[in-house]
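The structure appears below as structure tokens.
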Amino acid sequence: MELCDRWGIPHSKFRGHGDGTWTDLDRRKALAYAAYTRAVCPGCGTRPAEWDEESGGDEDAYRAVTHRCVGCQILADRQKKVPQGDEGHGVKVLLIPTAVHAALEVARTHTTRH
């Protein structure tokens, strides 16, 4: 349903059935998916019902674990080098594949020589 929502297509079309018109079942699925996504906490990705025993949930439904993302670590380290104040306003730190970076460097060197 996430792809159907993103692409704005009925679930039946995604499954390869029908002519692309929205059936009653497609609409009910879309509305249920929308209700589900509205209930998801943007911070942790869980829903209150998953924790609530009265709703069939469990207070031990999830475990907090740590995970180090090397990409996020590199971004955070580079972000520290962005100047403070006006000089750093609008500066974005992003990751690009090494091959793309190399191609950009070649292109930059090539254009500065001519």
Side-chain angles (χ1 to χ4, degrees):
M1 287 304 301
E2 181 181 354
L3 290 175
C4 294
D5 183 55
R6 185 178 306 154
W7 296 339
I9 61 169
H11 188 247
S12 57
K13 180 173 178 92
F14 176 77
R15 295 187 62 218
H17 305 291
D19 59 5
T21 58
W22 286 77
T23 67
D24 182 57
L25 180 58
D26 289 324
R27 284 188 291 279
R28 286 185 285 136
K29 286 180 180 180
L31 290 171
Y33 180 73
Y36 174 84
T37 58
R38 278 193 305 274
V40 174
C41 172
C44 69
T46 68
R47 295 175 304 115
E50 295 175 299
W51 300 99
D52 182 11
E53 291 181 4
E54 291 181 17
S55 298
D58 182 350
E59 69 179 21
D60 295 320
Y62 291 88
R63 293 285 184 255
V65 298
T66 57
H67 164 76
R68 180 180 307 268
C69 173
V70 176
C72 289
Q73 179 182 352
I74 291 169
L75 287 172
D77 290 345
R78 182 55 64 97
Q79 188 68 42
K80 291 176 188 175
K81 296 178 182 177
V82 172
Q84 296 295 314
D86 289 345
E87 192 178 337
H89 288 176
V91 174
K92 305 287 188 238
V93 179
L94 55 113
L95 294 174
I96 60 173
T98 299
V100 172
H101 181 266
L104 290 170
E105 286 297 307
V106 167
R108 185 181 61 81
T109 304
H110 181 71
T111 57
T112 57
R113 287 185 183 168
H114 293 104

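For the pair E2/Y33, a side-chain contact is recorded, criterion being any heavy-atom separation below 4.5 Å from C-beta on. When side chains are defined from C-beta on, I96 counts as touching L104, because their heavy atoms get closer than 4.5 Å. Side chains of T46 and W51 form a contact here, defined as non-hydrogen atoms less than 4.5 Å apart.
In this structure, E105 places its CD atom where more than 12 heavy-atom neighbours from other residues, nucleotides or ligands lie under 6.0 Å away. Counting heavy atoms of neighbouring residues, nucleotides and ligands inside a 6.0 Å radius, atom CD of E53 exceeds 12 of them.
Residues passing the side chain to side chain contact (heavy atoms under 4.5 Å, CB included) test with S55 are A49, D52, sequence neighbours excluded. In this structure, D77 has no side chain to side chain donor-acceptor pair (under 3.5 Å) partners at least two apart in sequence or on a different chain. The side chain to side chain contact (heavy atoms under 4.5 Å, CB included) test applied to R38 returns A34, A35, not counting sequence neighbours.
In this structure, the separation between OG1 on T23 and NE2 on H17 is 11.0 Å, given to the nearest 0.5 Å. Annotation: the span from K13 atom NZ to D26 atom CG amounts to 11.0 Å, rounded to 0.5 Å.
Residues H11 and K29 share a closest heavy-atom pair of ND1-NZ, 2.8 Å. Here the closest heavy-atom approach between residue F14 and residue C4 is recorded as CB-SG, 3.5 Å. Annotation for W22 and A30: closest pair CZ3-CB, 3.8 Å, computed over non-hydrogen atoms. Looking at every heavy atom in both residues, E50 comes nearest to A61 through O-CB, 3.3 Å.
Applying the ring pair (Phe, Tyr, Trp, His ring centres under 6.0 Å) test to every pair with at least one member in residues 85-104, sequence neighbours left out, gives no pairs at all.
The hydrophobic cluster containing V40 also includes Y36, under a criterion of side-chain heavy atoms closer than 4.5 Å among ILVMFWY residues, counted directly or through chains of members. Membership of the apolar cluster around V91 extends to V70, I74, L75, V82, V93, L95, as traced through chained side-chain contacts below 4.5 Å between ILVMFWY residues.
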